[in-house]
Amino acid sequence: MKKVSVICIDCDSSYIDRMLAVQTYANLEVVETTTGIDFYEDIAGYCASTDSDYICFLEPGQLLAPNKIQCMVEYAEKLKEAAVFFCYREYVEPDGTNIASPDEYFCGSFADTCFRGSQTLRVCIELSNNLLGNLTTMMFRRECVQLCLDNLRQYEVRGNSQMQKTMLLFEVVAENVIGVLETVLTATFVELLDLPALKAQTGLFASQVETFRRLHHWEAFHNKPLGIAMEHQMLLHGQSDVRDRHLQKEITFFATDKGEEYNLHPILEEAKRRGYEVRMTSDLDEKAEIGVYCQHVGKPENAKFSVILLHDMAQGHLRWPNMWGVERWHKYDIGILPGVRWKERWQRCACQYYLNPRCGAYMLGYPKSSQAYSQELQERVDELKKSMDLKYDVNVLYAPSWENDGKEDDFVRALASLPVNLLVKQAWYDESSFEHNQLYAETFRNIQEMRRLHEGKYDNLHYIEPEESILVALKMCDLIVSDESSVMTEGMMFGKPSIAVEDWLVPDTIPKRFASIPYDDVYKCKKAQLRETVAHWLASEDDIIPFVELEKAFANKEYVNRDILDAIEYFTTGKGNTDFLKWKMSALYMPANLWS
């Protein structure tokens, strides 16, 4: 078994015991050292004298998978051409909650491949994107890596432990071949944002990287490397890109389904009122002067100025708190979130560059919330109620995210004999998309089958057409039943409680999964308990269903569309109302950088 040295830097003994006692790899030599005046001499001297086959490190503020060292040794033995190895890491909060996995954009780029350390490091420095990690994610073959003390002594970082460790890592990587094991084996605890410290570190990093460049005879950098991503650099000067962009007064709203149309329509009406030429399109490839998007993945590169919103309140809920690893917002100019809950998710994860639009992110509200109490909506509700000739005073709405496995039948059979009206509102599907999305086609067929099975068979069952706005259904009902749909959160706009059926299946994975309901403000039950739960709700004078403050979900309801247009005008013309700036959000934690 190969011998591995673990050099523990600035670690207390209890932390070392916790991290290493659970390691599955047995042949370890543990040594301790501290940063400071003799740090580089101690490291270089130990590496030259030990008989260990591999050297790795442990720093404070890290978590190690029990098989971390085992996996890295096995990978090193497999990738013989490389001298230095890295594993993937996550970023976690103090309680261990994962807020950022490895950057998905680069996943797959390193698998079983060797790279020149100098080239990889230069890419990282120029992108200001730390693709390698820190000393704790690194291991190297002791016999292949020769540390140059003459180089290390030229870095003026003895009073800064983070920078001292960073330049050691750079020196190990610079002249060697590296490999990256695309397996998460470590995690780094995030630290609260400290702007003075961030500014000091960026200045020090810039000067030391220039020393590193000179020592290794690299060409000059095009721009001064600051060690933090371009998207985070507004933190250093506190300014966004405000200027007259000389754009035509035209806004294109991109909506690929009816739900997205209804979400964007209130903004479109406000833009029209202000004299903008507006249009709605489902073609994400269309060019635009100003483009407003709300898709999981839009195409903001086709707009001269771009805005991104959510299309529903449960967007990306399987990846909360950080949906942005896939739905990347840094390609847009403005990002808009609906309320405090989403603000908190964004703030916790905004240490990653890909959450940060060029002109900032703002909690300006949810466009549809501005219509919740409109006269137009009330008139449409009254019209439908009259046409339905409702039998009872209480309306229970069924509105699933997907129709599959007879969920509508479960709903109807469970509740049809109760003294309530059953309202069914299924999602709308564009049949032109079925050729490219078989799941949509199958769901559409299921919706039609369920309607043929039930319509006209029950005098208290009524259908609200799929193309109708969900707001109509929410305003009409008294209680919502769903699987995991965001309609349960949107129901809060009207004060309507919800029941989520936990064991209804959702077909967007293979095999199908159970509904995911990461909400605190809905009641959850099994489908066998649905009738009992609704009956209990009907009989109870107290609200048995938990509910949170409306402002937690929906902020700025009265002015949301006004403020969105104000933001667009300010960042495209350099002037206008700036009241919206009070809603700007800021990161909670220090940005991910090249020295952490």
Q. Can you check whether A303's main-chain N or O pairs, donor with acceptor, with K287's side chain at less than 3.5 Å?
A. no
Q: Write down the atom of E90, the atom of V184, and the distance for their closest heavy-atom approach.
A: CG-CG1, 3.4 Å
Q.
For G291, is there any backbone N or O sitting under 3.5 Å from a side-chain donor or acceptor partner on S306?
A. no
Q: Any chance you could measure S498, atom OG, to K524, atom NZ, to the nearest 0.5 Å?
A: 12.0 Å
**Q.** Crowding at CD, E301 (>12 non-hydrogen neighbours, <6.0 Å)
**A.** yes
Q | Separation between NZ of K249 and OH of Y276, rounded to the nearest 0.5 Å | A | 5.5 Å
Q: Taking the six-membered ring of F305 (Phe, Tyr or Trp), confirm whether the NZ or CZ of R245 is under 6.0 Å from its centre and within 45° of its axis.
A: no
(Q) Between D405 and K527 (salt bridge meaning N to carboxylate O under 4.0 Å), is one present in this structure? (A) no
Q) What residues form a ring-ring contact (aromatic ring centres under 6.0 Å, His included) with H317, not counting sequence neighbours? A) none
(Q) Regarding Y353 and R328, do their side chains bring together a donor and an acceptor under 3.5 Å, going by distance alone? (A) yes
Q.
Could you check whether any side-chain N or O of K557 sits under 3.5 Å from a backbone N or O of G365, counting only pairs where one atom can act as donor and the other as acceptor?
A. no
Q. Below 4.0 angstrom, N of the basic side chain to O of the carboxylate: do D459 and K391 qualify?
A. yes
Q | Option passing side-chain contact (heavy atoms from CB on, under 4.5 Å) with R451 (candidates H454, E455, Q448) | A | E455
Q: Using a strict cut-off of less than 4.0 Å between a Lys/Arg side-chain nitrogen and an Asp/Glu carboxylate oxygen, indicate whether E449 and R452 qualify as a salt bridge.
A: no
Q: Compare every heavy atom of L479 with every heavy atom of P497, then report the nearest pair and how far apart it is.
A: O-CD1, 3.5 Å
Q. Looking just at side-chain N and O atoms, do D95 and T97 make a donor-acceptor pair shorter than 3.5 Å?
A. yes
Q) So, D563 and K582, do they make that salt bridge, N to O below 4.0 Å? A) no
Q: Check for a donor-acceptor pair, side chain of W346 on one end and backbone N or O of Y362 on the other, with a separation under 3.5 Å.
A: no
Q) Under a 4.0 Å N-O cut-off, is there an ion pair linking E484 with R513? A) yes
Q) Taking C359 as the fixed residue, which of V307, V242, I334 is the one that meets the side-chain contact (heavy atoms from CB on, under 4.5 Å) rule? A) I334
(Q) Here's a test for you: under ring-ring contact (aromatic ring centres under 6.0 Å, His included), which of W402, F411, Y398, F514 qualifies with W504? (A) Y398
Q. Salt bridge or not for R273 and E269, using N-O below 4.0 Å?
A. no
Q: Give a yes or no answer on whether the side chain of Q315 reaches the backbone of L310 with a donor-acceptor pair at less than 3.5 Å.
A: no
Q. Listed by chain and number, what are the ring-ring contact (aromatic ring centres under 6.0 Å, His included) partners of Y429, not counting sequence neighbours?
A. Y440
(Q) Assess, by modelled atom type and distance only, whether the side chains of N302 and Y293 contain a donor and an acceptor separated by less than 3.5 Å. (A) no
Q: Provide the closest heavy-atom pair for V297 versus Y332 in the form atom of the first, atom of the second, distance.
A: C-OH, 4.5 Å
(Q) Between E383 and R380 (salt bridge meaning N to carboxylate O under 4.0 Å), is one present in this structure? (A) yes
(Q) Measuring from atom CG of L415 to atom CG of L530, what distance do you get when rounded to the nearest 0.5 angstrom? (A) 4.5 Å
Q. What residue among I336, I267, L264, D312 forms side-chain contact (heavy atoms from CB on, under 4.5 Å) with C294?
A. L264
Q: Check whether any side-chain N or O of K304 sits under 3.5 Å from a backbone N or O of L247 as a donor-acceptor pair, and report yes or no.
A: no
Q) Going by distance alone, is a donor N or O of one side chain under 3.5 Å from an acceptor N or O of the other, for Q371 and Y262? A) no
(Q) Could you check whether E260 and T256, counting side-chain N and O atoms only, form a donor-acceptor pair closer than 3.5 Å? (A) yes
(Q) Tell me whether K584 contacts the main-chain N or O of G360 through its side chain, where contact means a donor paired with an acceptor under 3.5 Å. (A) no
Q | Distance-only polar pair, side chains of S370 and R562, donor-acceptor under 3.5 Å | A | no
Q. Closest approach of T509 and P511, non-hydrogen atoms and distance?
A. OG1-O, 2.8 Å
Q | Mutual orientation of the aromatic rings belonging to F580 and F571 [parallel < 30°, tilted 30-60°, perpendicular > 60°] | A | perpendicular
(Q) Under a 3.5 Å distance rule, please check whether N421 uses its side chain to pair with a backbone N or O of Y392 as donor and acceptor. (A) yes
Q | E403 and Q426 side chains, donor-acceptor separation under 3.5 Å | A | yes
